Chemist: 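Structure in structure tokens, see below.
Keep in mind that the numbers below use all heavy atoms, side chains included, and drop hydrogens, waters and symmetry copies. As the structure is a computational prediction, the values presented were derived from the model and not from experiment.
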Amino acid sequence: MSSKEDFENYAAQLTGEVFETASDNGESQRDVFAQRILDLLHEGGFVNNPKVEYLEKPGTLLHGYGYTDDGLVLELYTSAFSYDRPRLNKGLLDRYFRRAIAFLKKAEKIKAASDPKTGIYRMCEVVLAALENPDLTRIRVFFVTSSSSGTSSMPEPSDFNGVPVEYHLYDLPRIYKMEKAGIASEQIEVKLDPPLPCLPAQANDDDHSVYLAVLPGRVLAELYDEYRTRLLQLNVRAFLQARGKVNKGIRDTAIQHPAWFLAYNNGITATASDADFERDESGREIAIASLIDLQIVNGGQTTATLHHVLSKEKNTLEGVDVQMKLTLVPPDKRSKVVRKISEYSNTQNRVSQVDFSSNDKFHVKFEAVSRNVWAPPARNSLLDTRWFYVRTRGAYEVELNKNTTTATRRKFKAENPPAQKFDKTELAKYVNCWMGKPYKVALGAQKNFVDFQAHVTEYPPLIDAIYVQRTIALKMLFTAVDSVARAQGAGSNKSAVTAYTMALLCHATGHRIDLDRIWREQANYGEKDPKVSPALLEAIKSLCSPVMKVILNGGSHPIEWAKRPECWTKVQEIDWKVPTALESELSPTMLKLERDEAEASEDLSQRFQGVAADDWQSAYEWGQETGRLELVELAALDTVVNLLESGEAVSDTRALRALEAYDKALQAGFDPDPE
């Protein structure tokens, strides 16, 4: 396939995804596109804390705002989405940026004319507060579009009331290149002027080379100011802990004892894919002139703290030097090398093996198990489907594109419906609602995910088919709550209302909602219908209204109020009793999402013992006759039948495989007790 065909396929997939998501969720395609691309840019560290909020008035067009955690940078977003993808000329491009900047001049009037409980009011308030901040260093304006730009000429940097303004364009070709790489990343290219003296610590070979250098603290702080979290994408410690926190010891040394900083601080460990050097007469590298794809692997706190000292405390960092160990490694080997560097580097804030590997371990395992979990066929269908877990961005498209014919692509999409996709930030929302942390969910997708990741790192759950099925049932429950919140007029506060309603539902029922029943009965409902029982849906409707009142009446800023644990305390005080109709559907005891090996083994044993010996044989024969079971599933049933007949013990592994085959047979129409 040519690169042009590949690009056109991507464009069609993206617009199709936007259409399907907007249709499924009852949202505008414009908002879905903006959220989709801003999430991509946020994941890559290009934007900070983005919030989508659409505003269009004469001369003004804005689609959201964001800001860095330290409040030094304000971001404005504008967007354009259309299926025909008209080409952008310079005049049109300038117009979009001009209309975004116009908001800064009109924010005070727009705020005065807006309801204080709306997202527009909150956007005005945040922007006006940022403009009044004497420490504000930059305003960055982003334009994201489904079109292609016909010009390479961007507006010149300008200023607003003395604050520098930058302009950034992400058109479809640029977005495509980012997603094709599998990560939201564009290489960081750093020029060092003057070149940085260095010492080659190891002879070059095919895999890597290592250099030692001493970097001026101000240079490091300025690099962070320019690239922010993009510079720390591989720094797991910076990710697991809220990025950018100030370390008091590092700060005090930089300010009070700058000459001792090099002696006291362990420095940074960095990687790059390439570098330009100044060389001596013998050809030996003596100074680094530029670096390509620079990443700080260890030393994120040192970097962020020096930036704080420079920008917030106005200290010039004169005399502060930071040692740097730089490893040049080819991009295709970077992941493996970084893992080892992070594991073994003895840094000031050491990244342990658990910190690094668990970030992958949970999601890799969840993905692997989910690929072997088949949902019950929909009504009047014999086709099994899967809920597709998107562990890495673009994974669905990668798997889809492995199918090179129209027929195989159609089959893949039928077995993996786009409506049944979900990613790691969505997974974190469902689980944190179940765990009673709606205030974490209200912080936004990325910050909520950090909390979720920290929890599963410290308390890793047993990830098996039951865990995956119950988690997917939580997704179905969350979607049902979300649809009710929308129907009851939650508006711009819907995300908070949904999270709190679901969390209270789980809490008020003593975590007895039968997630296994939701999983089993999902096929009973239409494609766009809530996949929960009528009794559960009515309970959600009765809870949603009082929850919304608590959130809306908690102050002038409902979303900010929802981010506080006190809001959760107040919501739990709502007087609500479990309806009789729902009580009859609840599990008799609290349902556990996170089970350990012993609990899972006991549960497995009980489920296995609950199937009669004759039913194993019947399921095997049914699978043979109907062709609805794979050979490996038939073999699992046959093995259990033979072991039971001979009186031999059945191991947990064999019992699990047989139960998975038996459950699939039940879902596909097998009846162990036909009349």
Chemist: Does NZ in K312 sit with more than 12 non-hydrogen atoms of other residues, nucleotides or ligands closer than 6.0 Å?
Modeler: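 Atom NZ in K312 is packed in, count exceeds 12.
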Chemist: Which pair of non-hydrogen atoms, one from N49 and one from Y67, has the smallest distance, and what is that distance?
Modeler: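 Closest heavy-atom pair between N49 and Y67: ND2-O, 2.8 Å.
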Chemist: I'd like to know whether the aromatic ring centres of H455 and Y459 sit less than 6.0 Å apart in this structure.
Modeler: yes
Chemist: Search all heavy atoms of F142 against all heavy atoms of Y170 and return the closest pair with its distance.
Modeler: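 Answer, listing the atom of F142 first, then Y170: CD2-CE1, 3.7 Å.
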Chemist: Among all residues two or more places apart in sequence or in another chain, which pass the ring pair (Phe, Tyr, Trp, His ring centres under 6.0 Å) test with Y396?
Modeler: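 Y396 satisfies ring pair (Phe, Tyr, Trp, His ring centres under 6.0 Å) with F388, F412 only.
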Chemist: Using ring-ring contact (aromatic ring centres under 6.0 Å, His included), reason through Y211 and F277 one step at a time and then give a plain yes or no.
Modeler: CA-CA 11 Å; Y211 301 84; F277 294 94; 4.8 Å; yes
Chemist: Can you confirm whether L74 sits close enough to R138 that some side-chain heavy atom of one is under 4.5 Å from a side-chain heavy atom of the other?
Modeler: no
Chemist: Keeping the roles fixed (side chain from D171, backbone from S149), state whether a donor-acceptor pair exists under 3.5 Å.
Modeler: yes
Chemist: Decide salt bridge (Lys or Arg N to Asp or Glu O under 4.0 Å) for R228 and D70; before the verdict, give the C-alpha distance in whole Å, the side-chain angles of both, and the deciding distance to 0.1 Å.
Modeler: CA-CA 11 Å; R228 297 281 170 158; D70 55 19; 2.8 Å; yes
Chemist: Can a donor-acceptor pair be found, under 3.5 Å and without considering hydrogens, that links the side chain of D94 to the backbone of F97?
Modeler: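 Between the backbone of F97 and the side chain of D94 there is no qualifying donor-acceptor contact (under 3.5 Å).
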Chemist: I'd like to check F103 versus I110 (side-chain heavy atoms, cut-off strictly below 4.5 Å). Are they in contact?
Modeler: yes
Chemist: Is it the case that more than 12 heavy atoms not belonging to E318 sit under 6.0 Å from its CD atom?
Modeler: no
Chemist: To the nearest 0.5 Å, tell me how far K440 NZ sits from F449 CZ.
Modeler: 14.5 Å
Chemist: Excluding sequence neighbours, so at least two apart, what forms ring pair (Phe, Tyr, Trp, His ring centres under 6.0 Å) with Y227?
Modeler: none
Chemist: For the side chain of T305 and the backbone of N247, is there at least one donor-acceptor N/O pair under 3.5 Å apart?
Modeler: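 Such a contact is found between T305 side chain and N247 backbone.
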Chemist: After noting the C-alpha distance and the side-chain angles of V390 and K424, does the key distance pass the side chain to side chain contact (heavy atoms under 4.5 Å, CB included) rule?
Modeler: CA-CA 7 Å; V390 182; K424 59 182 181 292; over 6 Å; no
Chemist: After noting the C-alpha distance and the side-chain angles of Q35 and D31, does the key distance pass the side chain to side chain contact (heavy atoms under 4.5 Å, CB included) rule?
Modeler: CA-CA 6 Å; Q35 189 71 65; D31 289 351; over 6 Å; no
Chemist: Quick one: closest heavy-atom pair of T316 and R218, and the distance?
Modeler: O-NH1, 3.5 Å
Chemist: Between I139 and E166, is a side chain to side chain contact (heavy atoms under 4.5 Å, CB included) present by the stated rule, with each step listed?
Modeler: CA-CA 6 Å; I139 299 171; E166 301 174 355; over 6 Å; no
Chemist: Check for a donor-acceptor pair, side chain of T425 on one end and backbone N or O of Q446 on the other, with a separation under 3.5 Å.
Modeler: no
Chemist: Short question: side chain of S273, backbone of I292 - any donor-acceptor pair under 3.5 Å?
Modeler: yes
Chemist: Answer whether the closest heavy-atom distance between the side chains of K314 and D135 falls below 4.5 Å.
Modeler: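 Of all side-chain heavy-atom pairs linking D135 with K314, at least one is under 4.5 Å.
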Chemist: Minimum heavy-atom separation for L172 to A11, with atom names?
Modeler: CD2-CB, 3.7 Å
Chemist: Mind running side chain to side chain contact (heavy atoms under 4.5 Å, CB included) on Y224 and L310 for me, showing each step along the way?
Modeler: CA-CA 11 Å; Y224 183 79; L310 176 68; over 6 Å; no
Chemist: Ignoring hydrogens and geometry beyond distance, is a side-chain donor-acceptor pair present between N265 and T302 at under 3.5 Å?
Modeler: yes
Chemist: If I compare all heavy atoms of P86 with all of S82, which pair ends up nearest, and what's the gap?
Modeler: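 Smallest interatomic distance, heavy atoms only, reads CD-OG, 3.1 Å.
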Chemist: On the ring face of F33, is R36 found with NZ or CZ under 6.0 Å from the centre and within 45° of the axis?
Modeler: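 So R36 doesn't make the cation-pi contact.
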Chemist: Are the charged groups of K429 and E426 less than 4.0 angstrom apart, N to O?
Modeler: no
Chemist: For the residue pair E56 and Y54, confirm or rule out a side-chain donor-acceptor distance under 3.5 Å.
Modeler: yes
Chemist: Whether R122 and E53 form a salt bridge (side-chain N of Lys/Arg under 4.0 Å from carboxylate O of Asp/Glu) is what I want to check.
Modeler: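 Looking at R122 together with E53, the answer is no, because their closest N to O distance does not fall below 4.0 Å.
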Chemist: Are E75 and H168 linked by a side-chain donor-acceptor pair shorter than 3.5 Å?
Modeler: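 No pair is found: no donor N or O on one side chain lies under 3.5 Å from an acceptor on the other.
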Chemist: Is there a donor in the side chain of H63 and an acceptor in the side chain of T78, or the other way round, less than 3.5 Å apart?
Modeler: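 Their side chains do not contain a donor-acceptor pair, so the 3.5 Å distance test is not met.
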Chemist: Can you see which heavy atom on T271 is nearest to which on L326, and at what distance?
Modeler: C-CD1, 4.0 Å
Chemist: Side chains of V297 and T327, heavy atoms from C-beta outward: is any pair under 4.5 Å?
Modeler: no
Chemist: Working note: H42 + Y77, criterion ring-ring contact (aromatic ring centres under 6.0 Å, His included); need CA distance, chi angles, decisive distance, verdict.
Modeler: CA-CA 12 Å; H42 190 198; Y77 314 124; 9.6 Å; no
Chemist: With sequence neighbours left out, write down each residue that passes ring pair (Phe, Tyr, Trp, His ring centres under 6.0 Å) with Y389, or none if nothing qualifies.
Modeler: F366, F422
Chemist: Under 3.5 Å, is there a donor on one side chain and an acceptor on the other for N9 and E5?
Modeler: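 Their side chains do not contain a donor-acceptor pair, so the 3.5 Å distance test is not met.
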Chemist: Taking the side chain as every heavy atom from C-beta outward, state whether V441 and K437 have any pair of such atoms under 4.5 Å apart.
Modeler: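 A side-chain contact under 4.5 Å is absent here.
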Chemist: Is it the case that H308 and E313 place a side-chain donor and acceptor less than 3.5 Å from each other?
Modeler: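 Side-chain D/A pair, H308 to E313: present.
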Chemist: Using a distance-only test with no angle check, is there a side-chain donor-acceptor pair under 3.5 angstrom linking S290 and D276?
Modeler: yes
Chemist: Pick out which of L317, L196, V322 makes a side chain to side chain contact (heavy atoms under 4.5 Å, CB included) with P216.
Modeler: L196
Chemist: Do T269 and I296 have side chains that get closer than 4.5 Å, going by heavy atoms?
Modeler: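 No, too far: nothing below the 4.5 Å cut-off.
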Chemist: Return yes if a side-chain donor-acceptor contact under 3.5 Å exists between S158 and Y167, otherwise no.
Modeler: yes
Chemist: Step through the shown structure and confirm whether more than 12 heavy atoms of other residues, nucleotides or ligands are within 6.0 Å of NZ on K191.
Modeler: no
Chemist: When you check the gap from the basic side-chain N to the acidic O, do K447 and D451 get nearer than 4.0 Å?
Modeler: no
Chemist: Salt bridge between D423 and R391, side-chain N to carboxylate O under 4.0 Å?
Modeler: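 Not counted as a salt bridge, because no side-chain N and carboxylate O are separated by less than 4.0 Å.
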